[in-house]
There are 2 protein chains.
Amino acid sequence: MAPPSARQRILDTAFRLFYARGLRAVGVDTIIAESGVAKATFYKHFPAKDDLVLAYLARVDGIWSGQLHDAATAAGPEPRAQLVGLFDALGTACRRDGYRGCAFINAAAEAVPGTPVHEATVAHKHAVLQWVRDLAAEAGSGDPDGLARSLTLLLDGGLAAGALDADPAAATRAREAAEVVVAAALN
Amino acid sequence: MAPPSARQRILDTAFRLFYARGLRAVGVDTIIAESGVAKATFYKHFPAKDDLVLAYLARVDGIWSGQLHDAATAAGPEPRAQLVGLFDALGTACRRDGYRGCAFINAAAEAVPGTPVHEATVAHKHAVLQWVRDLAAEAGSGDPDGLARSLTLLLDGGLAAGALDADPAAATRAREAAEVVVAAALN
DNA sequence: GAGTAGGTAGACAGACCTGTCTGTTCGTTC
DNA sequence: GAACGAACAGACAGGTCTGTCTACCTACTC
């Protein structure tokens, strides 16, 4: 197996450190040192730190979206079940070691509104909302937007709570509340 | 009216800047310059930056807890109505200019777990949870802890969503979802 | 064997960070 | 009027931050 390229090592290190410590708390020098890369190489792949931050967020987006989809489809073929099942991704995330909440919420807390980094977090949340909305429409909701917003509210609440206190009970509770909300909206 | 004391000016400036830009993004020098205070005075009142951060969080805690209580009592004397009414504080906050989500969630995103700053955010969330739990118990819930967790999940979700996109619709939706959850728990 | 792409190593600039220190000025109280 | 507390003004130290730059090295390709 070929050793990971310099770019890959940088991205891997950034993924680990940015999530664990925060965007501002991790300097370029630290990432360079820990990924065992030369400074010139770093700046060749990522002309500015923010470019690396954006690449980091893009990777997180891919991973998290994948986990949401997987959790949803694992709940079965019915959209209604999937709307509740996606919350299993939250439980899995909560139990993961080093869990520190939602990378996007954390990034938004450090980013200035209007900057590309902040825009990326907003775009991610909109994409998730859109996906849940489609699921809600498939499930036959009369108000798919309202139902989707209620569910993403619960999801974000669970993610935010995890940043303060990674309690798996919060994830379970979120799933139960989602069940109640879905039942009220579809029955 | 006497002009505000140096300590008060520092705290006022910190309140404004920390919330608007984040804890790490605002340096001591900036706060000193904007509050029109001497550096020695600053360090006399707050021996380290973290002391100021803690004072800032304590002030936010006081204000936000007050707004939650006010919104709850405005909904009437019945605990059941108060459980839903407290979400009006979220709507009011969302509509405020410069709203950037929950100061505690944002602070937690920048703080290292285990530090006093992080502990303060956890303590705040626990206090809110405890208060809602008491309200749920008064309302006659058979599982006051579960109901309180569901509701704070919605509340945190609304606050977190506001950090990305201060949409008052999210607050309205949170209130409606709370209504559904409370109804399911108490009927 | 020359050229090129991609990497390593590390000095350097310039800004900004927290925190310390010296000295001055003002108002109050004794 | 002397003493004192509280604040002002700002230089300074020591560290960290991002980003640039020079110089060398290695593997592959033509």
Side-chain angles (χ1 to χ4, degrees), chain A residues 1-58 106-107 109-112 114-120, chain B residues 1-57 106-107 109-112 114-118 120:
Chain A
M1 202 164 74
S5 71
R7 187 172 214 281
Q8 208 49 234
R9 271 178 311 173
I10 295 168
L11 213 41
D12 289 345
T13 310
F15 184 82
R16 187 166 45 87
L17 296 183
F18 278 158
Y19 183 71
R21 303 189 205 163
L23 305 181
R24 273 182 198 271
V26 178
V28 195
D29 277 348
T30 308
I31 293 173
I32 286 167
E34 293 228 4
S35 57
V37 115
K39 206 159 191 178
T41 308
F42 175 90
Y43 277 100
K44 191 188 165 190
H45 289 292
F46 304 98
K49 186 186 177 183
D50 268 10
D51 295 319
L52 177 60
V53 172
L54 289 172
Y56 154 70
L57 290 178
N106 293 349
E110 295 197 67
V112 180
T115 56
V117 171
H118 196 272
E119 298 295 323
Chain B
M1 201 165 74
S5 70
R7 188 173 212 280
Q8 207 51 233
R9 272 177 322 186
I10 295 168
L11 213 42
D12 289 345
T13 309
F15 184 81
R16 187 165 47 86
L17 296 183
F18 278 158
Y19 183 70
R21 303 188 207 165
L23 304 181
R24 270 180 199 271
V26 178
V28 197
D29 277 347
T30 308
I31 293 172
I32 286 167
E34 292 229 5
S35 57
V37 113
K39 205 158 192 178
T41 307
F42 175 90
Y43 276 101
K44 190 189 166 191
H45 288 292
F46 304 98
K49 186 187 176 182
D50 267 10
D51 295 319
L52 177 60
V53 172
L54 289 173
Y56 154 71
L57 290 178
N106 293 350
E110 295 198 67
V112 181
T115 56
V117 171
H118 196 272

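For clarity, every value in this text was computed on a predicted model and none was experimentally measured. In what follows, every chain begins at residue 1, and chains take the letters A, B, ... in the order their sequences are listed.
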Novice: B:L52 vs B:L11, test: side chain to side chain contact (heavy atoms under 4.5 Å, CB included). Steps then yes/no.
Specialist: CA-CA 7 Å; B:L52 177 60; B:L11 213 42; 3.8 Å; yes

Novice: Find the distance B:R21:CZ to C:dC16:C1' and express it as a whole number of Å.
Specialist: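 Atom-to-atom, B:R21 to C:dC16, this comes out as 14 Å.
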
Novice: Atom CD1 of B:I10 to atom P of C:dG19: distance rounded to whole Å?
Specialist: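 The answer, rounded to whole Å, is 14 Å.
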
Novice: Please report the distance, rounded to the nearest Å, between CD1 in A:I32 and C1' in D:dT16.
Specialist: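 That distance rounds to 13 Å.
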
Novice: Check whether any side-chain nitrogen or oxygen of A:R9 sits under 4.0 Å from OP1 or OP2 of C:dT8, and answer yes or no.
Specialist: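 Result: yes.
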
Novice: Just to confirm, is there a sub-4.0 Å distance from OP1 or OP2 of C:dT8 to any side-chain nitrogen or oxygen of A:T41?
Specialist: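 Checking C:dT8 against A:T41, a side-chain N or O does come within under 4.0 Å of OP1 or OP2.
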
Novice: Could you walk me through whether A:R7 and A:T41 satisfy the side chain to side chain contact (heavy atoms under 4.5 Å, CB included) test, starting with their C-alpha distance in whole Å, then the side-chain angles of each, then the deciding distance to 0.1 Å, before giving a yes or no?
Specialist: CA-CA 8 Å; A:R7 187 172 214 281; A:T41 308; over 6 Å; no

Novice: How many Å lie between CG on B:L23 and P on C:dT18, as a whole number?
Specialist: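 Result: 11 Å.
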
Novice: Between D:dA6, D:dC8, D:dG19, spot the one nearest the side chain of A:A48, thanks.
Specialist: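 Of all the options, the side chain of A:A48 is nearest to D:dG19.
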
Novice: Return the minimal non-hydrogen interatomic distance between B:V37 and B:A6, and the atom names on each side.
Specialist: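 Shortest heavy-atom contact: CG2-CB, 3.7 Å.
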
Novice: Between C1' on D:dG15 and CG on A:D29, what's the gap in Å once rounded to a whole number?
Specialist: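 Interatomic distance, CG of A:D29 to C1' of D:dG15: 12 Å.
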
Novice: Using heavy atoms to find the nearest nucleotide of DNA chain D for A:V28 and A:A40 separately, return the residue whose nucleotide is more 5′.
Specialist: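 Of the two residues, A:V28 wins.
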
Novice: Rounded off to whole Å, could you give me the CZ-to-P distance for the A:R24 and C:dT18 pair?
Specialist: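 From A:R24 CZ to C:dT18 P: 12 Å.
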
Novice: Rounded to whole Å, how long is the line connecting atom CZ of A:F42 with atom P of D:dC17?
Specialist: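 Going from CZ in A:F42 over to P in D:dC17 covers 13 Å.
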
Novice: Just compare C:dT8, D:dC8, C:dG19 and give me whichever is closest to any side-chain atom of B:K49.
Specialist: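 Between C:dT8, D:dC8, C:dG19, the one nearest the side chain of B:K49 would be C:dG19.
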
Novice: Between A:K44 (NZ) and D:dT20 (P), how many Å, whole number?
Specialist: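 In whole Å, D:dT20 P and A:K44 NZ are 15 Å from each other.
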
Novice: Please set out all donor-acceptor pairs under 3.5 angstrom arising from side-chain atoms of residues 43-51 of chain A, sequence neighbours excluded.
Specialist:
residue : atom : partner : partner atom : Å
A:K49   : NZ   : A:L23   : O            : 2.9
A:K49   : NZ   : A:V26   : O            : 2.9
A:D51   : OD2  : A:A48   : N            : 3.1

Novice: Distance check: side-chain N/O of A:K39 vs OP1/OP2 of D:dT20, anything under 4.0 Å?
Specialist: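 So the side chain of A:K39 is outside the cut-off, no N or O lying under 4.0 Å from OP1 or OP2 of D:dT20.
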
Novice: Does B:H45 place a side-chain N or O at less than 4.0 Å from the phosphate oxygens OP1/OP2 of D:dA6?
Specialist: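 Negative; the distance criterion is not met.
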
Novice: Taking only residues two or more places apart in sequence, or in another chain, which ones meet A:R16 in a salt bridge (charged side-chain N to carboxylate O under 4.0 Å, His left out)?
Specialist: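 Per chain and number, A:R16 pairs via salt bridge (charged side-chain N to carboxylate O under 4.0 Å, His left out) with A:E34.
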
